[in-house]
Amino acid sequence: MPEARVQILRCGRCGTLDAGPRLLCPKCHAAAMEPREVDGAGKLLSWTIIRRAPARLRALQPYAVCVVDLDAGVRVTGRLQSIEGSFTPGARVRCVARESDVAIFTAEG
Ligand SMILES: [Zn+2]
């Protein structure tokens with residue numbers, strides 16, 4: 001299975017990780033958020049299937065938007081690679097691709 005890393009932000013002053021985008025650190029308010037790539041493994045927290053997408057994403061519908069708690073310690077949003085199969089909250093997932101800055105996740109293993 002291909003692996004992809006997830007791009008997040010890390011505060012250069014206090015080290016806080018954040019999914020972004022944002023200019024200021026949510027913890028220390030420094031304008032020091034720097035892009036950082038982290039491992040794409042984590043736990044699926046929640047997801048929802050989008051059956052009527054906005055115009056620019058219509059070709060993708062139906063698709064699933066998901067929230068993942070990465071093992072790296074940050075919560076990110078992304079898309080599930082496929083809406084087929086059964087997912088359960090807490091399931092292990094991994095980022096396998098990035099499309100236009102969107103992390104694409106699939107079940108691990
Ligand atoms: Zn900070």
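Order of listing sets the numbers, starting from 1, for every ligand and every atom in it.
The number of heavy-atom neighbours closer than 6.0 Å to CZ of R58, taken from other residues, nucleotides and ligands shown, is above 12.
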Is there a side-chain contact (heavy atoms from CB on, under 4.5 Å) between I104 and Y63? Walk through the geometry before answering. CA-CA 11 Å; I104 310 297; Y63 60 90; over 6 Å; no

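Residue H29: no N/O/S atom is found under 2.8 Å from the Zn ion (ligand 1).
Comment: D71 engages R92 in a salt bridge, judged by a side-chain N to carboxylate O separation of less than 4.0 angstrom.
The angle subtended at the Zn ion (ligand 1) by SG of C28 and SG of C25 is 110°, given to the nearest 10°. Here the Zn ion (ligand 1) is the vertex; the SG atom in C11 and the SG atom in C14 give an angle of 110° (to 10°).
L9 approaches G20 most closely through the heavy-atom pair CD1-CA, 3.7 Å.
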